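First the proteins, then the strands, lettered A, B, ... as listed; each starts at 1. This one's a predicted model, so the numbers in the text were calculated from it and none came from an experiment. Quick note: numbers below take in every heavy atom, side chains included, and nothing from hydrogens, waters or symmetry partners.
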Amino acid sequence: MADVKEMIAKRVAKELKDGDVVNLGIGLPTKVANYIPDDYDITFQSENGFLGLGPAPEKGQEDVDLINAGAQYVTIKSGASFFDSATSFGIIRGHHVDITVLGALQVDEEGNLANWIIPGVMLPGMGGAMDLVVGAKKVIIAMQHTNKGKHKILKKCTLPYTALRVVDMIVTEMGVIEVTPSGLVLTEINSDYSIDQVMEATEATIMVSSKLKEMTK
Amino acid sequence: MADVKEMIAKRVAKELKDGDVVNLGIGLPTKVANYIPDDYDITFQSENGFLGLGPAPEKGQEDVDLINAGAQYVTIKSGASFFDSATSFGIIRGHHVDITVLGALQVDEEGNLANWIIPGVMLPGMGGAMDLVVGAKKVIIAMQHTNKGKHKILKKCTLPYTALRVVDMIVTEMGVIEVTPSGLVLTEINSDYSIDQVMEATEATIMVSSKLKEMTK
Amino acid sequence: MQKKIKTLEEAIAPIKDGSVIMVGGFMGTGTPEILMDALVLKGIKDLVIICNDGAYPKRGVAKLIANKQVKTLIASHVGLNPEVGQQMDRGELEVILVPQGTLAERIRAGGTGLGGVLTPTGVGTIVAEGKQVITIEGKEYLLEMPLKADFALIRGSVTDKKGNVWYNESTRNFNPLMAMAADTVIVATEKIVEVGEIDPNNVMTPGIFVDVIVGGEKPWQM
Amino acid sequence: MQKKIKTLEEAIAPIKDGSVIMVGGFMGTGTPEILMDALVLKGIKDLVIICNDGAYPKRGVAKLIANKQVKTLIASHVGLNPEVGQQMDRGELEVILVPQGTLAERIRAGGTGLGGVLTPTGVGTIVAEGKQVITIEGKEYLLEMPLKADFALIRGSVTDKKGNVWYNESTRNFNPLMAMAADTVIVATEKIVEVGEIDPNNVMTPGIFVDVIVGGEKPWQM
């Protein structure tokens, strides 16, 4: 089996269309950039203030004025543009980002998302996440299906919300789940798992699409 | 007697302090720029999008990309800066303009201002005037005392308001009137006129300052 | 990369009778004149135009107004174009006047996903009619709502082939705001350059906002 | 012309215990480190710091936090500076978390005289607690209020002697917004140039906002 995170990133990458403006969260979502077809012109946004985010620089070639939202040194592509934080979040809130890919602590049947705080344990702050999920045209959650066996896809989130009814799609190592007005629908499944195994790893009610496909790995 | 408009402009200019940011309205107020001491560093704002407005260019030297808010070709001074209209009015509304000088159709005892519309007669639009008088730290009205004998300084404006309680000072060919919480106070008088003449040319109640001075011409 | 450079005709093809169109410029300076001329030629009607002003005769949006193509004009100032007043008097043109700073902020709100902004401008005046007044710490503000459009017609001084735009001097005005607030953004530009020729720091409208680039915009001939 | 260039010591002289200070930068990038160091040396306390984040140890505002000079931190993210959580747990530091886009917009509102803005961000979350919810066309928005400060500490890449500032790449972030929202604005800059050397079109913070210029800010040493 391919590395789980790489597999998830690879599947998410298929959701990106030529010409899209995309914002990738820190961690697993960042890997999505590695699976874009060469002939695609995808513009990556970095919410700290630019469009045209490129790959990490060679060691020793870092530009100290140029970091991404995860505080890593990065590069820009030709045609990039810089702006201030109000414009950056204007781009996000104003629905000019086609897709955002983020991790999650919990997602629920209504597409509600919790990914920024575990009261009493972890209080990092929401950063740009609340704006991103409210503003992006499509919100994809890329994460491992469970937290070491503990359910993350729930009937109802128990952690404080990041936002309500914002998630469009969940991609995990087990499959692809779409959030629809009638609930969660499993549309693709990793052939290493049975539908029962997916159900077991999910607290939320999941419908299985009549067109269920095999997930590419 | 010196030209009335020039005299008014000259007197208004005395209100400007070194380092001030100033926005001058179209017409008479524009002339204020001609009476600034040479050693003063005044920054003039043009609300169509820049700071550092300079004098009119020589004929034939016009730059077609560079107009002021009155649609006249202008120049910029060294150290100027350009920006978009939202930033321009952010500067105005955010109290970053020290003084604005505007004409008026009517001003009243409360410092209410009417200067943008005569219903059924003149409907030019308010342009930037409503923002300027609400946003500038000090609002000076520079105008002739009456409209060919018809009162303009009233107990209460009869024309639609530009804004309420915004005028700080009125400079006319007859004198200088300050708007205070207790009403209008004549602080300077042109020696060509008597106090009675000023009163007669003014519908509003005017108090005469105990420190009444002669207006410079 | 998608090809954004098109002919004038291709560029304005999707604009129809009744379209809501933002037009950049301040008294014509910063208005894409070749797009105005093309719309006059095309002759579509009942347009809703959002522009700072009514310009002056034979300049900018005044061309559309003179040609009776405009149903509604949302602007802050129309005093230098006598045709506006005449058409209003005859009931041919509706004019909605908005304070200039409020107009800028409403367009910005439309482009940046804000539900509205609170401004002190216009409180106690005609502008406040029909609007919600919200009092904060004893001070009154008007709730002003976002403005959006089907099209934004923008004038660039320098535009690269990805659509990154740089505006010279006072041509900038409403252009970058409108470029964020419309479904389709058409830039008529003086100069077209290769991608990378505009310093990424100095890009004023990022290319993601621009759908169509048309070359051939000229400096205004006085 | 007023002389704006001052020494570090002169520049921070008016900053006192309890001052409300906006600090530009995103995870330290774009933060004026020489001003942070000078404040640490000065040792004033009970500061209210408004900054995008808590940076990371030995960088930016983290220096002030580590030195126990901060009473309240208003930020969108504090997860990469463990000291913040520790001081919170001990009750030494109050942290007010604000979504990043809302933080930017609140600072912009403070600087541009808006009474507030309506944002969809945070609706239905902890962020909405105690805030007015306004429904427009069936959609809920939070009314978010302006933020202002006594001081803004800004990092310029290039600054002219009138105070016009140009920011390089991702150092821009909150700097131009904060420069409009504080009573006194101090810029620590890498390069000081003569007036006129920055193209007026590309000025990012107009000089009228800058009260004090301090030279000697260095590129960050990794």
Chain D contact via [X] - which portion, at a heavy-atom distance below 4.5 Å:
X      : value
I91(B) : both
T43(B) : side chain
I76(B) : side chain
H96(B) : both
F83(B) : side chain

[X], [atom1]: over 12 other non-hydrogen atoms inside 6.0 angstrom:
X       : atom1 : result
K138(B) : NZ    : yes
K6(D)   : NZ    : no
K45(D)  : NZ    : yes

Would you mind telling me which of R106(D), M178(D), E105(D) makes a side-chain contact (heavy atoms from CB on, under 4.5 Å) with L147(D)?
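So, applying the side-chain contact (heavy atoms from CB on, under 4.5 Å) to L147(D) and each of R106(D), M178(D), E105(D), only R106(D) qualifies.
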
How long is the straight-line distance from CZ of R172(D) back to CZ of F26(D), given to the nearest 0.5 Å?
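Going from the CZ atom of F26(D) to the CZ atom of R172(D) covers 15.0 Å.
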
Among the listed options G196(D), P146(D), G111(D), the residue most often paired with chain B at heavy-atom distances under 4.5 Å:
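It is G111(D).
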
Using a strict cut-off of less than 4.0 Å between a Lys/Arg side-chain nitrogen and an Asp/Glu carboxylate oxygen, indicate whether K137(B) and D98(B) qualify as a salt bridge.
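Result for this pair is yes, salt bridge flagged.
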
Side chain, backbone, both or neither: which part of N201(D) has a heavy atom under 4.5 Å from chain B?
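N201(D) touches chain B through backbone and side-chain heavy atoms alike.
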
